[in-house]
Amino acid sequence: MTDQTPLTPFDVLLVEDDPGDVLMTQEAFELHKIRNSLHVVPDGVEALAFLRREGAHANAPRPGLILLDLNLPKKDGREVLAEIKADESLRTIPVVVLTTSEAEEDILRSYDLHANAYVTKPVDFHRFVEIVQRIDDFFVTVVKLPR
């Protein structure tokens with residue numbers, strides 16, 4: 001017998017400075033009827049303000065998942081990841097590094113900083129959409145997340 005409990009949508013924070021990648025992610029959510037709410041911030045400083053509910057983000061929801069680019073303005077993704085995982089109130093939020101970098105040093109450093117997954121962004125739109133859908137499927141249907 002399978003569990004027929006409906007899946008509860010959650011908030012996803014996308015930390016991405018490339019408008020094209022933001023648009024592709026938004027389209028992936030729309031195309032696949034992903035019910036999770038997508039929030040977007042363009043840099044590392046803004047990401048931490050969102051997560052800490054500071055300033056304009058005082059009423060921001062706590063995301064159930066963070067999609068984090070590495071190469072960001074103001075504060076890069078590696079610094080953001082380190083701060084998230086060092087913060088007792090944020091460290092349980094899963095972080096998927098979603099970046100163009102295929103550099104082994106970036107992969108190793110991300111896992112050293114406790115990223116939950118490292119995914120290289122495909123340049124092909126259809127493949128990108130598929131990757132975003134798979135990430136969502138995995139974190140919605142497979143993984144048990146803390147509340």
Side-chain angles (χ1 to χ4, degrees), residues 8-147:
T8 304
F10 56 85
D11 293 282
V12 176
L13 176 61
L14 173 64
V15 187
E16 175 61 67
D17 64 316
D18 183 316
D21 287 348
V22 170
L23 184 61
M24 284 197 298
T25 306
Q26 290 168 330
E27 288 183 15
F29 269 61
E30 290 171 20
L31 281 171
H32 291 284
K33 310 284 190 259
I34 296 173
R35 297 181 315 144
N36 297 328
S37 298
L38 183 66
H39 306 272
V40 181
V41 294
D43 61 62
V45 170
E46 196 83 12
L48 291 168
F50 184 99
L51 292 167
R52 293 177 177 145
R53 297 179 176 133
E54 297 171 343
H57 301 289
N59 296 317
R62 178 182 171 89
L65 176 65
I66 299 168
L67 301 176
L68 178 66
D69 189 20
L70 288 183
N71 302 311
L72 297 167
K74 298 186 183 178
K75 186 177 286 231
D76 83 359
R78 296 156 200 84
E79 294 173 278
V80 173
L81 180 58
E83 286 193 43
I84 290 169
K85 295 305 181 176
D87 186 320
E88 192 173 313
S89 67
L90 300 175
R91 72 172 58 135
T92 58
I93 302 171
V95 178
V96 174
V97 173
L98 185 59
T99 186
T100 55
S101 174
E102 294 184 39
E104 187 67 20
E105 65 192 57
D106 283 336
I107 297 167
L108 288 171
R109 177 112 190 272
S110 295
Y111 283 116
D112 280 346
L113 293 171
H114 305 289
N116 297 85
Y118 190 101
V119 179
T120 303
K121 292 180 204 171
V123 292
D124 173 76
F125 172 74
H126 295 291
R127 182 79 177 116
F128 185 90
V129 167
E130 180 184 336
I131 292 293
V132 170
Q133 180 189 14
R134 285 185 177 194
I135 291 169
D136 182 73
D137 284 345
F138 181 71
F139 281 95
V140 169
T141 62
V142 177
V143 175
K144 185 78 172 164
L145 297 173
R147 292 189 182 267

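Position 1 is the first residue of the sequence, and the numbers go up from there.
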Hey, what do you get for [atom1] ([X]) to [atom2] ([Y]), rounding to the nearest 0.5 Å?
X: L113; Y: L81; atom1: CG; atom2: CG; answer: 5.0 Å
X: L98; Y: L14; atom1: CG; atom2: CG; answer: 7.5 Å
X: T92; Y: I84; atom1: OG1; atom2: CD1; answer: 11.0 Å
X: E79; Y: K74; atom1: CD; atom2: NZ; answer: 13.5 Å
X: D43; Y: D17; atom1: CG; atom2: CG; answer: 8.0 Å

Is [Y] close to [X] at the side-chain level, that is, under 4.5 Å between some pair of heavy atoms?
X: E102; Y: T120; result: yes
X: L13; Y: P61; result: no
X: R134; Y: V119; result: no
X: L70; Y: T100; result: no
X: V12; Y: P63; result: no

Do H57 and V41 pass the side chain to side chain contact (heavy atoms under 4.5 Å, CB included) test, and can you show the C-alpha distance, the side-chain angles, and the key distance before you say yes or no? CA-CA 11 Å; H57 301 289; V41 294; 4.3 Å; yes

Would the distance check show the side chain of [X] and the main-chain N or O of [Y] forming a donor-acceptor pair, the cut-off being under 3.5 Å?
X: N116; Y: V95; answer: yes
X: K121; Y: T99; answer: no
X: E83; Y: V80; answer: no
X: Y111; Y: Y118; answer: yes

Decide yes or no on side chain to side chain contact (heavy atoms under 4.5 Å, CB included) for L67 and E16, but give the supporting numbers first. CA-CA 8 Å; L67 301 176; E16 175 61 67; over 6 Å; no

Side chains of R62 and S89, donor plus acceptor under 3.5 Å: no

Verify side chain to side chain contact (heavy atoms under 4.5 Å, CB included) between I135 and L65, making sure each step is shown before the conclusion. CA-CA 10 Å; I135 291 169; L65 176 65; 4.1 Å; yes

Compare every heavy atom of [Y] with every heavy atom of [X], then report the nearest pair and how far apart it is.
X: E46; Y: P42; value: CG-CD, 4.0 Å
X: V97; Y: A115; value: CG2-CB, 3.9 Å
X: G20; Y: D18; value: N-OD1, 2.7 Å
X: P94; Y: G64; value: CD-O, 3.2 Å
X: I131; Y: P122; value: CG1-CG, 3.8 Å

Quick one, T25 with F128, criterion side chain to side chain contact (heavy atoms under 4.5 Å, CB included). Give me CA distance, side-chain angles, the key distance, then yes/no. CA-CA 8 Å; T25 306; F128 185 90; 3.4 Å; yes

Identified side chain to side chain contact (heavy atoms under 4.5 Å, CB included) partner of R78 from the options D112, L68, N71, L72: N71

